[in-house]
**Q** 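Here it is: the structure, laid out below.
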Amino acid sequence: MQKHRGFTLIEIMVVVVIIGILGALIVPSLVGRTDEARVTAAESDLRAIGNALNLYRLDNFTYPSTDQGLEALVSEPGGQPEAKNWNPGGYLPKLPVDPWGNTYIYLSPGAESEYELYSLGADGREGGTGPAADILLSE
């Protein structure tokens, strides 16, 4: 007859300690990845919007005004400057929002070759550091 032996308390505690050490090493590196992924997604959205703005400019010889805003990439804008050659299919299927649920900021000072496009980051306010920092389209 065989005698079944279970785990001793010491063996169980060693396994729990090993799991705890592994968790302490792995979890912190995974937690920070969420913020990095959101920043990367915002940068990708900004590049896509920037490309759509450049297509708009190719068709209409100017960027939309600040008043016309990014909505000019989705539906035909009114006002000045007039979009005489606006693409009937639009330039974006819909306007994306940043990964934190805020709208992207678009400012056009009126010059044909200039605009500002950015996200206010995780905190939704200007400035900040880390994931709360503003994310600007850089080209």
**Q** Donor-acceptor pairs are to be reported for all side-chain atoms of residues 125-136 against protein atoms at under 3.5 Å, with residues two or more places apart or in another chain.
**A**
from, atom 1, to, atom 2, distance (Å)
Asp134, OD1, Gly127, N, 3.2
Asp134, OD2, Gly127, N, 3.1

**Q** For Pro81 versus Gln68, what's the shortest heavy-atom pair and its separation?
**A** O-NE2, 2.9 Å

**Q** Taking Ser44 for its side chain and Thr40 for its backbone only, find out whether a donor-acceptor pair lies under 3.5 Å.
**A** no

**Q** Go through Tyr104 and Leu95 one step at a time and tell me if the side chain to side chain contact (heavy atoms under 4.5 Å, CB included) criterion holds.
**A** CA-CA 9 Å; Tyr104 288 103; Leu95 284 180; over 6 Å; no

**Q** What distance separates Lys84 NZ from Asp59 CG, expressed to the nearest 0.5 Å?
**A**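 So the gap between those two atoms works out to 14.0 Å.
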
**Q** If you round to the nearest 0.5 Å, how far is CG of Leu55 from CG of Asn87?
**A**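 Answer for the CG-CG pair, Asn87 versus Leu55, is 8.5 Å.
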
**Q** Looking at Thr66 and Ser108, would you say the former's side chain and the latter's main chain have a donor-acceptor pair under 3.5 Å?
**A** yes

**Q** List, by chain and then residue number, the residues other than Val15 in its hydrophobic cluster (Ile/Leu/Val/Met/Phe/Trp/Tyr, side-chain heavy atoms under 4.5 Å); write none if there are no others.
**A** Ile19

**Q** Are the side chains of Tyr106 and Tyr115 in contact, using a 4.5 Å heavy-atom criterion?
**A**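 Yes - at least one pair of side-chain heavy atoms lies under 4.5 Å apart.
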
**Q** Passes side chain to side chain contact (heavy atoms under 4.5 Å, CB included), Val14 versus Glu11? Steps please.
**A** CA-CA 5 Å; Val14 168; Glu11 290 171 326; 5.8 Å; no

**Q** Grab the two heavy atoms, one from Pro64 and one from Leu53, that are nearest each other, plus how far apart they are.
**A** CD-CD2, 3.7 Å

**Q** Cluster question for you: counting only ILVMFWY and a side-chain heavy-atom cut-off of under 4.5 Å, with indirect links fine, are Leu92 and Val97 together?
**A** no

**Q** Taking atom CG of Leu22 as the centre, does the number of heavy atoms from other residues, nucleotides or ligands within less than 6.0 Å exceed 12?
**A**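 Yes, because the 6.0 Å sphere around CG of Leu22 holds more than 12 heavy atoms from other groups.
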
**Q** Counting N and O atoms only, with roles assigned by atom type, does the side chain of Asn60 sit under 3.5 Å from a partner on the main chain of Thr62, one being a donor and the other an acceptor?
**A** no

**Q** Enumerate the side chain to side chain donor-acceptor pair (under 3.5 Å) contacts for residues 94-103, please, sequence neighbours excluded, ordered by first and then second residue.
**A** Asp98-Ser119

**Q** So which heavy atom on Arg38 is nearest to which on Pro99, and how close?
**A** O-CG, 3.2 Å

**Q** Counting N and O atoms only, with roles assigned by atom type, does the side chain of Tyr56 sit under 3.5 Å from a partner on the main chain of Asn51, one being a donor and the other an acceptor?
**A** no

**Q** When the ring planes of Trp86 and Tyr91 are compared, do they come out parallel, tilted or perpendicular, using 30° and 60° as the limits?
**A**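 Rings of Trp86 and Tyr91: perpendicular, as their planes differ by over 60°.
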
**Q** Kindly say whether Pro109 contributes a backbone atom to a donor-acceptor pair with the side chain of Glu114 at under 3.5 angstrom?
**A** no

**Q** Please test Leu117 against Ile105 for side chain to side chain contact (heavy atoms under 4.5 Å, CB included), starting from the C-alpha separation and ending with a verdict.
**A** CA-CA 6 Å; Leu117 182 60; Ile105 309 296; over 6 Å; no

**Q** Are the side chain of Glu43 and the backbone of Leu137 linked by a donor-acceptor contact shorter than 3.5 Å?
**A**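 Here the side-chain-to-backbone pair does not exist.
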
**Q** Considering all heavy atoms of both residues, which atom of Asp45 and which atom of Pro96 are nearest to each other, and what is their separation?
**A**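 Smallest interatomic distance, heavy atoms only, reads OD2-CB, 4.0 Å.
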
